[in-house]
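Written below as structure tokens is the structure these notes are about.
Lettering of chains follows the sequences in order, A, B, ..., and the numbering in each one begins at 1. As the structure is a computational prediction, the values presented were derived from the model and not from experiment.
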2 protein chains.
Amino acid sequence: MKNFTVTIKDVASLANVSTATVSLALSGDPRVNVKTKKLVEEAALKLNYIPNEIGRSLRAKKTETISFIIPNTSHHVFTHPYFAQLLEGINEVLDNHNYNLMLSTSPSEKDESAAYNKILKNRRTDGIILSSASIHDRNILRMVESGFPVVYLGKWHHDNVLTVERDDIGGAYTATEHLIRIGRRRIVHITGPLDHQEGIDRLEGYKKALLDNKIHYDEALIIEKDFSRESGYEAAAELMRKQIDYDAVFAGNDLMAIGALKFYKENKISVPGDVSVVGFDDIEMATVVSPMLTTIHQPMREIGYKAAEKLIAFLNNQEVKEKRTIMSTHLIIRESCGADMP
Amino acid sequence: MKNFTVTIKDVASLANVSTATVSLALSGDPRVNVKTKKLVEEAALKLNYIPNEIGRSLRAKKTETISFIIPNTSHHVFTHPYFAQLLEGINEVLDNHNYNLMLSTSPSEKDESAAYNKILKNRRTDGIILSSASIHDRNILRMVESGFPVVYLGKWHHDNVLTVERDDIGGAYTATEHLIRIGRRRIVHITGPLDHQEGIDRLEGYKKALLDNKIHYDEALIIEKDFSRESGYEAAAELMRKQIDYDAVFAGNDLMAIGALKFYKENKISVPGDVSVVGFDDIEMATVVSPMLTTIHQPMREIGYKAAEKLIAFLNNQEVKEKRTIMSTHLIIRESCGADMP
DNA sequence: TTGAAAGCGCTAACAC
DNA sequence: GTGTTAGCGCTTTCAA
């Protein structure tokens, strides 16, 4: 390291003023004389002075940093296709407000006291954006209840928690309804894990659409999987093995839909000829498979953006009008259903 | 916020010892009496005391945080397919060593003095992992030259910089050679931006393979694009428009290869019948397109892992034996070339 | 308009 | 073994 750290003292002595004056001058306090201010600025420039944020933080009890915490339950946390978009939205807001972004995987239940506390209380961060996970994750509950400013990405019934939610029920309803509208009746639903809110809600939307259209809900058409591509493939295989009779599948996410598509291709089952399929998420991959996947679009970038905005507003004591923000989804029709029109 | 911050003082007074003793006891210093230690620990537990990292950092001049900086040149920085895997590798190491991860997009050239300095010098971070970008990016140069500990992901000819590099030249060579081996002779290369090192190196590998196999290098077969899927599609369209005669394409990355594949499908050009295509990266998407893409695998997760390990070793004054680490790539044969064997 | 001084929470010399 | 003290770099009363 060739350059010594230059502190506020160095600037002060070069400018022949006190450190207090330097601090004031550099923060643009109107009280300080224009001449002095110029003097200080020149000194700072000359020394290439950059205020040490650590010192500032200690004093101000603010870090200008927020943490984005994602569950570490799955092996491929970061690889989750919408993670990147979420991050993009968050990053954009933070950049605009000169906040820093810290990224953590949430601690596993095991080492709670250590890792969990570290993230939560060490005060290197002003607030948290928490992405959703299992509804049984106790750590999340505790983070939320600690009083630490939290924006939760998903449903959370708690007074002092801000949320940004997708309309999972509505999206699933739309997806299912679309299949019904194009004439499908035996609609399989490959669900995500049913201890995840998304899994639960999408199943609910599916049921609701069936009900409203007077189609019998058949347990045999429900397969619980884990949102992975492999599990989607496996689901399709299972359906064949069990000789289930069906004409459509609504997959809980695109990855599973794409997995199923692969099985169909390998087994010469025509999509959408023999079976129509709809996914959920609208990840990029959905546009490169063939047939291209009809799916429910969810605005992940906007969700990240919104979440960051709410958190920063809250941290700056601005009134956050809507505690819950619900982002709507919409149907993207491509090729996997065999209908050209909505 | 319902809980007041509990500091080392609170613990000290509850345990009836000095703050120094608390500090020592909690850090497991062998000098402190076992009894006292237990006393302190109980007090800390009772008060739910978590050391404030800011105070610690200020004193120790270490933050136990490293920054991962990615270029903001492209709109979709985070969406870059291998970004997630890189992050996964980095995160794993940091978790193991109890380091925090800060994520930044590198400042654009415009606001250098502000954003750039902030990242570089505010000392909220102990070291940096810098991902590659344009070879003309001056900010990167300055970060590297500042003396700040940096691990650069890519080639960098500089004494005090650690690097983790892909073998781009070798990978491109292998890809091209594969096409030659299966009998292709008129091989198009869709390059990435030629002011990016990857773009340059992959072109070099391509040329070298041609040379070694005594195939004439034809400028007309080189198209410079920008690594995006759209640009790959555009490249294929361009080739048709210009009525270029060719029987294979080596794309500078998978995204462009997949874009080209799309064009071929739309225009009923058979792959691999009419043209063989090879990509580079081995992103997940390469396995869901049809035909599945033959490509060069690069171990992004391992690169991230290695980079983080090197940085942490360096920060802890361990000797880093290899300044340059070169990660090798290998060919993954799938369906887009029409050869079943390597 | 500027400076002196206190103190944010912590650790590390040094004393005892 | 444990306590006293100083000080990391900064901001912010309070006085001058």
Side-chain angles (χ1 to χ4, degrees), chain A residues 1 3-41 43-44 47-65 117-118 120-126, chain B residues 1 3-41 43-44 47-65 117-118 120-126:
Chain A
M1 210 104 11
N3 41 358
F4 293 82
T5 324
V6 10
T7 76
I8 200 171
K9 274 188 196 163
D10 302 319
V11 180
S13 64
L14 180 59
N16 265 313
V17 294
S18 74
T19 60
T21 306
V22 174
S23 177
L24 291 180
L26 260 30
S27 72
D29 192 295
R31 282 175 303 176
V32 12
N33 186 304
V34 201
K35 268 194 170 151
T36 324
K37 190 178 174 192
K38 187 157 281 178
L39 216 64
V40 170
E41 281 167 347
L47 296 175
N48 195 17
Y49 168 66
I50 316 289
N52 180 321
E53 294 289 333
I54 303 274
R56 198 206 291 274
S57 295
L58 184 58
R59 182 68 230 235
K61 292 184 176 269
K62 285 179 50 175
T63 61
E64 314 270 271
T65 298
N117 278 332
K118 198 175 153 198
L120 183 57
K121 296 254 187 85
N122 69 8
R123 293 269 150 220
R124 271 239 192 84
T125 187
D126 293 340
Chain B
M1 210 105 11
N3 40 357
F4 293 82
T5 325
V6 10
T7 76
I8 200 171
K9 275 189 196 162
D10 302 318
V11 180
S13 64
L14 180 60
N16 266 312
V17 294
S18 73
T19 61
T21 306
V22 174
S23 178
L24 291 180
L26 260 31
S27 71
D29 192 296
R31 283 176 300 175
V32 13
N33 186 305
V34 201
K35 268 192 169 153
T36 325
K37 191 179 174 192
K38 187 156 280 175
L39 217 63
V40 170
E41 280 167 348
L47 296 175
N48 195 17
Y49 167 68
I50 316 289
N52 180 321
E53 293 290 334
I54 304 273
R56 197 206 291 272
S57 295
L58 184 58
R59 182 69 230 235
K61 293 185 173 269
K62 285 180 51 176
T63 60
E64 313 271 88
T65 298
N117 278 333
K118 198 176 152 199
L120 184 56
K121 295 254 189 87
N122 69 7
R123 295 264 145 225
R124 271 241 191 82
T125 186
D126 293 341

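- The closest side-chain donor-acceptor pair between B/R124 and B/S57, if any, does not fall under 3.5 angstrom.
- A close approach under 4.0 Å does not occur between any side-chain nitrogen or oxygen of B/K62 and OP1 or OP2 of D/dC8.
- Atoms CD (A/E53) and C1' (D/dT11) sit 13 Å apart, rounded to a whole Å.
- Residue A/A60 is out of contact with every strand shown, counting any heavy-atom pair closer than 4.0 Å.
- The shortest heavy-atom contact between A/I54 and A/N52 is N-OD1, 2.6 Å.
- In this structure, A/N52 places its CG atom 17 Å from P of C/dG9, rounding to the nearest Å.
- If you take CD1 of B/I54 and C1' of D/dT11, they are 15 Å apart, rounded to a whole angstrom.
- Regarding contacts with the backbone of C/dC10, every side-chain N or O of B/K9 stays at 4.0 angstrom or more from both OP1 and OP2.
- Of the two residues near DNA chain C, A/R31 and A/G55, the one whose nearest nucleotide lies more 5' is A/R31.
- The two residues A/T5 and A/D10 have their closest heavy-atom pair at O-OD2, 3.9 Å.
- Shortest non-hydrogen contact noted between A/V40 and A/A15 is CA-CB, 4.2 Å.
- Under 4.0 angstrom from either OP1 or OP2 of D/dT11 there lies at least one side-chain N or O belonging to A/S23.
- Between B/T19 and B/A12, the closest heavy-atom pair is N-CB, 3.8 Å.
- Nucleic acid contact class of B/T36 (heavy atoms, under 4.0 Å, all strands): sugar-phosphate only.
- Put simply, A/R56 has no side-chain N or O that comes within less than 4.0 Å of OP1 or OP2 on D/dG9.
- Mapping B/L58 and B/T21 onto DNA chain C via the closest heavy atom, the residue that lands nearer the 5' end is B/L58.
- The distance from atom CG of A/L24 to atom C1' of C/dT1 is 10 Å, rounded to the nearest whole Å.
- We find that CG of A/N16 is positioned 13 Å from C1' of C/dG3, with the value rounded to whole Å.
- Rounded to whole Å, atom C1' of D/dG9 lies 7 Å from atom OH of A/Y49.
- Atom CG in B/D29 sits roughly 9 Å away from atom P in C/dA12 (whole-Å rounding).
- Counting only heavy atoms from C-beta on, A/I8 has its side chain closest to D/dT11 among D/dT11, D/dG7, D/dT2.
- Rounded to an integer number of Å, the gap from A/D10 CG to D/dC10 P is 9 Å.
- Listed pair A/K61 / D/dT11 fails the phosphate criterion, with no side-chain N or O lying under 4.0 Å from OP1 or OP2.
- Within the structure, every side-chain polar atom (N or O) of A/S18 is placed at least 4.0 Å from both OP1 and OP2 of C/dT2.
- Both A/T7 and B/K37 sit near DNA chain D, but only B/K37 has its closest nucleotide nearer the 5' end.
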